[in-house]
Amino acid sequence: MPLMLSLCGRVNSRVGAAEGSLGQSSKTQLVSGQLPEDYIGRFGIGLLSCFMISDSITVSTVPVDKSQANVWTGFVDGTYTLEPFAIDAVSEDAGTTVILKAKKGEEHYFQEEKIAELVHYYGLALPVPVYLSGHPERLNNMPSKFSCMGRSQLLSFGSWIFEEDFLDAIPIQTRHLSGVAYILDYRTDPSVKNRNRIYLKNMLLTEDGNTLLPSWAFFLRCFLNTKSLRPTASREDFYEDEELTAAKKEFERAVRNYLERLAQEDQERLGSLVSIHEQAIKSMAVWDDRMFRLFIDYLPFVTSEGSCTGRFLKHAGKAEWISSVSRFQQLKPIFMAQGRLLICTGYTNDEELIKKLADMYAPDLSPLRESSMDLVLEELPPSERQSTEFFTAAASRAVKEFDCRAQLRRFLPADLPVFYSISDEIQFLRQMQSARENTSNLFSGALSSLLDGVKEKPLAELFLNMNSPLVQRLVQLTDGALLRSAVRVLYVQALLAGGHSLKSGELKALNQELLNLIEYHL
């Protein structure tokens with residue numbers, strides 16, 4: 001005997017003339033534009049989906065007045081029958097019964113555990129109670145209004161729905177949306193697919209919600225229901241129109257209002273939220289001035305003095321920022337030794353936020369310019385430049401093949417003997433050269449053509465520190481070969497310190513010059 005699934009609904013229903021007219025009323029209302037708001041779909045997809053697990057659908061209807069009852073049976077080939085049947089006026093309940101018989105191979109969908117799982121997942125928001133026969137527990141028991149629930153109740157509901165704990169819960173009650181946005185208690189990023197529950201007219205529509213939720217909402221897990229948005233024909237997402245735009249703005253406003261209340265009432269919890277989800281909050285603060293003002297004091301930024309908050313930077317006095325992470329790493333010890341503050345804005349959204357901080361609160365913040373390097377790297381006096389001309393020329397010849405020139409400067413700290421400075425243009429050329437060395441013949445030829453087309457290659461600069469005892473000793477050398485080897489080793493050291501990848505020629509030069517130094521000693 002095949003497994004059967006019987007779905008019973010106690011509804012007031014009447015059947016008119018004994019003829020097949022399924023969908024007739026909805027088609028008429030669709031044309032007239034008067035389709036009831038509580039209709040889930042418009043194209044019969046719900047009915048047709050039954051044929052994925054059953055070869056037939058049997059619908060029996062008993063009117064309230066116990067007059068003529070009818071049974072409609074639809075088959076997978078598109079045919080159907082509609083017949084009257086006799087009822088027992090005493091024992092037969094009014095309402096509608098839908099019976100599906102399992103296809104071969106689809107029996108697992110008719111097991112109690114699977115049915116309970118599917119109802120809990122897809123129909124949890126249905127306002128009509130759903131029970132398994134013989135079980136008193138309601139399968140779709142959920143709150144009627146989230147805005148009336150306390151924090152502990154919301155968190156308990158979220159733990160039950162998503163089977164994980166959350167940092168906090170944000171009730172959402174707007175013209176278009178009803179539900180809860182839960183704040184994850186761990187760090188995540190936009191590339192991680194979130195498991196939301198977004199319902200349309202109380203039936204699950206999607207887990208993604210990419211069109212409804214803003215891009216920064218990746219730190220939230222949402223349970224939302226809407227009755228006024230339009231689904232796409234595939235019923236996998238929402239149709240993009242003015243109503244969807246309004247719903248998205250309502251969601252953003254609800255989250256913002258929650259965070260503003262948190263800033264006033266519980267700054268400790270707000271600080272915990274920021275420490276976990278700083279990237280999401282930064283992405284919100286970039287475009288929303290209210291969010292920026294709310295969070296800037298708590299947001300961390302990488303500086304030469306470690307991680308500093310926006311509140312610290314407001315009152316830090318003069319500071320400069322640089323967008324290159326590798327160059328920041330090079331300059332960091334120099335700025336630390338000189339007591340100057342350098343901010344690294346090479347991370348997502350940081351440069352926009354620092355610029356916004358400078359504009360709104362007018363602290364003495366500015367981008368690091370080439371002219372500022374003169375303050376970092378002190379020029380030698382004319383007499384000292386003249387006495388070191390031989391060394392400077394020899395050092396420049398030693399690194400010329402690497403598109404670099406050497407210069408002597410004084411800077412702090414004294415134990416940093418060398419500093420490599422590279423512009424964005426030179427960095428791009430280095431990346432092309434590295435790619436040429438590590439690609440196939442086809443692409444290698446194309447990259448070679450591009451590199452050959454550069455008429456005048458810009459030069460990087462290798463600054464040797466005259467405050468360093470090592471450089472002071474090198475300046476006194478008269479042996480050209482020994483000087484060349486030492487400078488080339490320092491050049492590679494500067495590259496590694498700045499986080500630059502070594503090209504094959506530079507790696508070979510390091511090995512060769514180390515060998516030369518050993519042989520010189522021997």
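For this chain, numbers begin at 1 and follow the sequence in order.
Proximity of a side-chain donor or acceptor of Gln111 to a complementary backbone N or O of His108 within less than 3.5 Å is not detected. Asn140 contributes a side-chain N or O that, together with a main-chain N or O of Leu126, makes up a donor-acceptor pair within less than 3.5 Å.
In this structure, the side chains of Thr309 and Leu313 stay at 4.5 Å or more apart for every pair of heavy atoms. At a threshold of 4.5 Å between non-hydrogen side-chain atoms, the residues Met291 and Val286 do not count as touching. Between Val71 and Thr58 the shortest side-chain heavy-atom distance falls below 4.5 Å. At a threshold of 4.5 Å between non-hydrogen side-chain atoms, the residues Thr73 and Tyr80 do not count as touching. Looking only at side-chain heavy atoms (C-beta outward), Thr61 and Val59 come within less than 4.5 Å of each other. Between Asp165 and Leu155, every side-chain heavy-atom pair lies at or beyond the 4.5 Å cut-off. Residues Val302 and Ser307 have side chains not in contact (no heavy-atom distance under 4.5 Å, counting atoms from C-beta outward). Within the 4.5 Å cutoff, the side chain of Phe301 has no heavy atoms near those of the Phe312 side chain.
Scanning all heavy atoms of the two residues, the minimum distance from Glu260 to Arg290 falls at OE2-NH2, 2.8 Å. Residues Ser60 and Phe85 come closest through the heavy atom pair CB-CE2, 4.2 Å. Closest non-hydrogen pair, Ser275 versus Arg187, comes out as O-NH2, 2.9 Å. Nearest heavy-atom pair, Leu139 versus Ala116, reported as atom, atom and distance to 0.1 Å: CD2-CB, 4.0 Å. Taking all atoms of both residues into account, the shortest heavy-atom contact from Leu220 to Ala181 is CD1-CB, 4.3 Å. When all heavy atoms of Met203 and Gly123 are compared, the closest pair comes out as SD-CA, 4.2 Å.
For residues 117-135, the pairs satisfying salt bridge (charged side-chain N to carboxylate O under 4.0 Å, His left out) are Lys114-Glu117, with sequence neighbours left out. The salt bridge (charged side-chain N to carboxylate O under 4.0 Å, His left out) pairs that include a residue from residues 296-306 are Asp297-Arg311, Asp297-Lys314, where partners are two or more places apart or lie in different chains.
Partners of Tyr298 by ring-ring contact (aromatic ring centres under 6.0 Å, His included), not counting sequence neighbours: none found. In this structure Phe219 satisfies the ring-ring contact (aromatic ring centres under 6.0 Å, His included) test together with His277, sequence neighbours excluded. Residues that satisfy the side chain to side chain contact (heavy atoms under 4.5 Å, CB included) test with Ser178, not counting sequence neighbours, are Phe146, Gln173. Under the rule for a ring-ring contact (aromatic ring centres under 6.0 Å, His included), Phe238 has no partner lying at least two apart in sequence or in another chain.
To the nearest 0.5 Å, atom CD of residue Glu112 and atom OG of residue Ser133 are 8.0 Å apart. Rounding to the nearest 0.5 angstrom, the gap separating the CH2 atom in Trp321 from the CG atom in Leu368 is 10.5 Å. Once rounded to the nearest 0.5 Å, the distance linking CD of Glu252 with CG of Asn257 reads 11.5 Å. Atoms CD1 and CD1, from Ile281 and Ile296 in turn, are 11.5 Å apart once rounded to the nearest 0.5 Å. In this structure, the separation between CD1 on Ile322 and CD1 on Ile354 is 13.5 Å, given to the nearest 0.5 Å. Here the CG-CG distance, from Leu229 to Leu205, works out to 9.5 Å after rounding to the nearest 0.5 Å.
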Exercise. Would Lys318 and Leu365 count as a side chain to side chain contact (heavy atoms under 4.5 Å, CB included) if you check the C-alpha gap in whole Å, the side-chain angles of each, and the deciding distance to 0.1 Å?
Worked result: CA-CA 6 Å; Lys318 183 175 177 58; Leu365 299 179; over 6 Å; no
Problem set entry | Steps toward ring pair (Phe, Tyr, Trp, His ring centres under 6.0 Å) verdict (Phe223, Tyr199) | CA-CA 8 Å; Phe223 181 91; Tyr199 293 75; 5.3 Å; yes
For this session: Verify side chain to side chain contact (heavy atoms under 4.5 Å, CB included) between Ile99 and Thr97, making sure each step is shown before the conclusion.
Result: CA-CA 7 Å; Ile99 299 176; Thr97 301; 3.9 Å; yes
For this session: Take Asp168 and Tyr182, measure what side chain to side chain donor-acceptor pair (under 3.5 Å) needs, and give me the verdict at the end.
Result: CA-CA 6 Å; Asp168 212 344; Tyr182 291 99; over 6 Å; no
Exercise. Passes side chain to side chain donor-acceptor pair (under 3.5 Å), Asp208 versus Asn196? Steps please.
Worked result: CA-CA 6 Å; Asp208 294 332; Asn196 298 295; over 6 Å; no
For this session: For side chain to side chain contact (heavy atoms under 4.5 Å, CB included), just list the numbers for Ile57 and Val98, CA-CA rounded to whole Å, side-chain angles, deciding distance to a tenth of an Å, and then say yes or no.
Result: CA-CA 7 Å; Ile57 306 171; Val98 180; 4.0 Å; yes
For this session: Would you check, one step at a time, whether the test side chain to side chain contact (heavy atoms under 4.5 Å, CB included) holds for Arg197 with Ile161?
Result: CA-CA 9 Å; Arg197 295 277 192 91; Ile161 292 296; 3.9 Å; yes
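Ring-plane geometry between Phe157 and Trp160 is classed as tilted, the angle between the planes lying from 30 to 60 degrees on a 0 to 90 degree scale.
In this structure, Lys356 pairs ionically with Asp289, as a charged nitrogen and a carboxylate oxygen lie closer than 4.0 Å. Classification of Glu352 and Lys282 as a salt-bridged pair fails, no side-chain N sitting under 4.0 Å from a carboxylate O. Salt-bridge formation is not detected for the pair Lys101/Asp55: no Lys NZ or Arg NE/NH1/NH2 atom is positioned less than 4.0 Å from an Asp or Glu carboxylate oxygen.
When each of Thr174, Ile170, Leu224 is paired with Phe251, the side chain to side chain contact (heavy atoms under 4.5 Å, CB included) condition holds for Leu224 and for no other. Looking at Glu243, Lys249, Lys248 one by one, the single match for side-chain hydrogen bond (donor to acceptor under 3.5 Å, both in side chains) with His176 turns out to be Glu243.
In this model, a donor atom of one side chain and an acceptor atom of the other lie less than 3.5 Å apart for Asp237 and Thr211.
The number of heavy-atom neighbours closer than 6.0 Å to CD of Glu207, taken from other residues, nucleotides and ligands shown, is above 12.
The cationic atom of Arg230 (NZ for Lys, CZ for Arg) lies less than 6.0 Å from the six-membered ring centre of Tyr239 and within 45° of the ring axis.
A ring-centre distance under 6.0 Å is not found for Phe75 and Phe51.
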